[in-house]
Amino acid sequence: MGKSASKQFAEEVLQSHNEYRKKHQAPPLKLSSKLSRDAARYAESLASTRILKHSVESSRGSCGENLAWASYDQPGHFTAMVWKSTNKLGVGKAVASDGSSFVVARYFPAGNITNQGHFENNVLPAKSTASAS
């Protein structure tokens, strides 16, 4: 994937994340070039093995991670997208030899923490968009 295409894809993913985050009262994310480089490197690794599994970094909790494998683009794991205390996003995409896509989204600080109180404090209800009559 060319640099301009991957940058455009990352911007689209960022925009999609931030639209959902706004609805769920979470501040917007900023793209991190380091997280994106790491995510792209890991996407290439996944595409070469064609095995979808979380990275060591994610397992250690040093970053949050969304993975997707498909023959079409898909948006990702929702609560990671709107986790309020996360403020940086990295996006990487690679195409496997069979033409399928592997997408890695990395989040810092990591979210989706299941300890009591974390979910309630970081995944806020969507604001109603219906206008009052």
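Below, all heavy atoms of this structure are taken into account, side chains as well, without hydrogens, waters or symmetry copies. Because the structure is predicted, anything quoted here is derived from the model rather than measured.
Residues Leu35 and Val82 fall into different hydrophobic clusters, defined by Ile, Leu, Val, Met, Phe, Trp and Tyr side chains chained together at heavy-atom separations under 4.5 Å. Clustering ILVMFWY residues whenever any of their side-chain heavy atoms sit less than 4.5 angstrom apart, transitively, puts Tyr42 in the very cluster that holds Leu52. Both Phe9 and Leu29 belong to a common hydrophobic cluster when Ile, Leu, Val, Met, Phe, Trp and Tyr are linked at side-chain heavy-atom distances under 4.5 angstrom.
A donor-acceptor contact shorter than 3.5 Å is absent between the side chain of Thr86 and the backbone of Phe108. Judged purely by atom type and a 3.5 angstrom limit, Glu65 has no side-chain atom pairing as donor or acceptor with the backbone of Val104.
Once rounded to the nearest 0.5 Å, the distance linking OG of Ser97 with CZ of Arg50 reads 4.5 Å. Note: Asp38 CG to Cys63 SG = 8.0 Å, rounded to the nearest 0.5 Å. Between the CE atom in Met81 and the CG atom in Leu89 there is a gap of 9.0 Å [rounded to 0.5 Å]. The distance from the CD atom of Glu11 to the CG atom of Leu31 is 5.0 Å, given to the nearest 0.5 Å. Arg21 contributes atom CZ, which lies 8.0 Å from atom CG of Asn87 (distance to the nearest 0.5 angstrom).
Partners of Phe78 by ring pair (Phe, Tyr, Trp, His ring centres under 6.0 Å), not counting sequence neighbours, listed by chain and number: Tyr20, His24. Remark: Lys22 engages no residue in a salt bridge (charged side-chain N to carboxylate O under 4.0 Å, His left out) (not counting sequence neighbours).
Nearest heavy-atom pair across Phe102 and Ala96 is CE1-CB, 3.8 Å. In plain terms, the two heavy atoms of Gly64 and Ala110 that are nearest each other are N-CB, 3.4 Å. Taking every heavy atom of both residues into account, Ser85 and Pro109 meet most closely at O-CD, 3.5 Å. Nearest approach of Ser48 to Ser45, heavy atoms of both residues: OG-O, 2.8 Å. Here the closest heavy-atom approach between residue Ala26 and residue Lys84 is recorded as CB-CA, 3.8 Å. The two atoms that bring Ser36 and Gly90 nearest to each other are OG-CA, 3.4 Å, heavy atoms only.
A donor atom on one side chain and an acceptor atom on the other are found under 3.5 Å apart for Glu12 and Gln8. Counting only N and O atoms by type, the side chains of Ser58 and Arg106 include no donor and acceptor under 3.5 Å apart. Counted by atom type alone, Arg37 and Ser32 present zero donor-acceptor pairs between their side chains at under 3.5 Å. For the residue pair Trp69/Ser101, the side-chain donor-acceptor check at 3.5 Å is not satisfied.
The local environment of CD in Gln116 is sparse, with at most 12 non-hydrogen atoms from other residues, nucleotides or ligands closer than 6.0 Å.
Taking a cutoff of 4.0 Å between a charged side-chain nitrogen and a carboxylate oxygen, Glu19 and Lys23 do not qualify as a salt bridge.
Checked against the 6.0 Å centroid criterion, the rings of Tyr107 and His17 qualify as a close aromatic pair.
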Applying side chain to side chain contact (heavy atoms under 4.5 Å, CB included), run through Leu46 and Leu67 and close with a yes or a no. CA-CA 10 Å; Leu46 293 175; Leu67 304 177; 4.0 Å; yes
